[in-house]
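What follows is a single structure, written as structure tokens, with notes after it.
Numbers here simply count residues along the sequence, with the first being 1. In listed order, ligands and their atoms are each counted from 1.
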Amino acid sequence: MNFPGFRDLHPLQEEEGAQGALELMWRLQEILAEVAGLHAVSLQPAAGSQGELTGLMLMRAYFTDRGEAETRRKVVIPDTAHGTNPASVTMAGYEVTHVQTDPRGNIDVDDLRTKVDAQTAGLMLTNPSTLGLFDENIEEIARIFHDAGALMYYDGANLNAVCGISRPGDMGFDIVHFNLHKTFSQPHGGGGPGGGPIAVRDRLEPFLPVPAVVRDGERFRYEYDRPKTIGKVRGFAGPFGVFVRSYAYIRSYGPRLREMSEVAVLNANYLLAQLKDAYELPFDRLCMHEFVLSARTLKRPEALMIEPTETEAKETLDDFVEAMLEIVRDASEHPELLKDAPHDRPVGRVDEVKAAKRAVVRYLFEDHPDLSADSDGARQLEAQKGA
Ligand SMILES: Cc1ncc(COP(=O)(O)O)c(C=O)c1O
């Protein structure tokens, strides 16, 4: 990222002076298409959720092109879905149809059959699901949707469970988004920028956002001339720093990319095996890269989602297990200890939601009293202190 050719680029740099950056983007597109098992990629969306919205806009453009946009109004989502899925469906102007989960944690196929018809535009599914379970009926599910003329959307936020092992395109999905910040560079959190590229099957390629990054012999360029495109979904070329990190991360594994997923899955099952007797396990199956436990025997409904990723050392996993088991012991022997934990920090529990909603920029005023004495902010602060 610190190479001058990457670091000093301007978003409006002419193509001739940005050949290296364009080549990196083109190569990343090619790799992601291969990982997805699909035909074409756009790197533009800035996060998983924006990838979802973009994918649904592609779905709409596809059905509009076929004259079916008015009839196909519904998108099916399982009741285990991540909250961004129904939000994206609604923002894209579709209606959400929920499908139930069966006792093994798969989509309930019988329920599904009653919900898919000529008004269905598609399914939105993350596989493995948010419960960390791979849907055992995915091919059957894809058949149900394709027979009804509908499309399959893959929420790739959990792709690091299957990357290099199985491909969404082979499972029957037509549109995929990647969470580059989860799978390929900055696993989980950190608050940094994200990347939510999308990959599509060939019949959806004409609708992808512009510009596409294309190769002409030894040169790379942006291509805008795509008459059926949904247009731009983000300023400039997308989150370029994330592309560099993701590309470097993928290349560091090279042909052994599947090891990333294998270790993520191994780590999760290692934790599952050690915690499942102490906590309640709603679905007793081998998990993928994450699993859900319930702590409802300790506290009123309390779901725990545990996702160690491929990057944690065994010592860290063991420390985590020890801490989780200690919590169970304390809950029955010294519950008061848990109620006012943590005990070893200068600050106890921080109410982050309140801090975000009612930010008080106290230090600014205290450090610069002359600047702020008569400001609106200072008056607000005084009012809050008095309240
Ligand atoms: C299953 C699933 N889908 C979508 C998203 C949304 O991704 P992003 O946070 O990049 O918008 C997440 C994020 O945690 C997720 O876990």
Side-chain angles (χ1 to χ4, degrees), residues 28 32 35-36 41-59 75-92 94 96 98-99 101 105-107 122-135 138 141 152-163 168 171 173 175-199 209 233-234 238-243 245-246 249 261 264-265 268 283 287-293 303-311 352 356:
L28 184 59
L32 294 180
V35 166
V41 167
S42 167
L43 298 178
Q44 271 194 26
S49 42
Q50 202 196 0
E52 292 172 24
L53 184 60
T54 307
L56 288 156
M57 288 162 70
L58 294 177
M59 211 180 254
V75 174
V76 179
I77 297 186
D79 54 10
T80 55
H82 189 260
T84 50
N85 290 183
S88 299
V89 168
T90 307
M91 275 184 76
Y94 282 113
V96 176
H98 282 292
V99 60
T101 299
N106 298 315
I107 282 186
L123 168 76
M124 205 168 193
L125 179 69
T126 175
N127 193 26
S129 68
T130 299
L131 299 171
L133 302 175
F134 191 91
D135 201 299
I138 191 63
I141 291 168
M152 296 271 290
Y153 182 98
Y154 184 86
D155 172 340
N158 295 328
L159 188 78
N160 62 324
V162 295
C163 189
M171 297 176 211
F173 288 93
I175 310 172
V176 168
H177 87 251
F178 300 84
N179 281 54
L180 293 184
H181 46 300
K182 290 177 142 202
T183 310
F184 294 127
S185 60
Q186 317 175 105
H188 300 243
I198 43 175
V233 296
R234 194 182 198 278
F240 184 69
V242 176
F243 302 157
R245 275 191 293 276
S246 298
Y249 193 71
S261 296
V265 172
F283 299 96
C287 68
M288 299 298 288
H289 67 308
E290 66 187 8
F291 57 99
V292 171
L293 293 174
L304 298 167
M305 148 80 74
I306 301 180
E307 182 174 2
T309 80
E310 72 280 8
T311 50
E352 292 188 23

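- Between E52 and S88 the shortest heavy-atom distance is OE1-OG, 2.7 Å.
- In the vicinity of T84, heavy-atom distances shorter than 4.0 Å reach the ligand 1 atoms 3 (N), 4 (C), 5 (C), 6 (C).
- Across all their heavy atoms, R234 and A46 have their closest contact at NE-CB, 3.0 Å.
- With a 4.0 Å cut-off on non-hydrogen atoms, Q50 does not touch ligand 1 at all.
- Ligand 1 has no nitrogen or oxygen under 3.5 angstrom from a nitrogen or oxygen of T126.
- Within ligand 1, the atoms closer than 4.0 Å to a non-hydrogen atom of E52 are 3 (N), 4 (C), numbered from 1 in the order shown.
- Within 6.0 Å of CE in M305 there are more than 12 heavy atoms belonging to other residues, nucleotides or ligands.
- In this model, a donor atom of one side chain and an acceptor atom of the other lie less than 3.5 Å apart for N158 and H289.
- Of all the heavy atoms of S49, the ones lying under 4.0 Å from any atom of ligand 1 are found in both the backbone and the side chain.
- Considering both main-chain and side-chain atoms, H181 comes within under 3.5 Å of ligand 1 through a nitrogen or oxygen pair.
- Listed by number with element, the atoms of ligand 1 under 4.0 angstrom from any heavy atom of N179 are 7 (O), 8 (P), 10 (O).
- Of the protein's heavy atoms, G48 N, 3.5 Å lies nearest to atom 8 (P) of ligand 1.
- Atom 3 (N) of ligand 1 has D155 OD2, 2.5 Å as its closest protein atom, hydrogens excluded (heavy atom only).
- For the pair A199 and V41, the tightest heavy-atom approach, listed with the atom from each and the gap, is CB-CG2, 3.8 Å.
- Among protein heavy atoms, the minimum distance from atom 2 (C) of ligand 1 is reached at A157 CB, 3.2 Å.
- Residues S261 and N160 bring no donor and acceptor atom of their side chains to less than 3.5 Å of each other.
- For ligand 1 and K182, the ligand atoms under 4.0 Å from any heavy atom of the residue are 12 (C), 13 (C), 14 (O), 15 (C), 16 (O).
- The minimum heavy-atom distance linking V176 with P168 is given by the pair CG2-CB, 3.6 Å.
- Relative ring orientation between H177 and Y153 is described as tilted, the plane-to-plane angle lying within the 30° to 60° band.
- Below 4.0 Å from some heavy atom of A47 lie the following atoms of ligand 1, by number and element: 10 (O), 11 (O).
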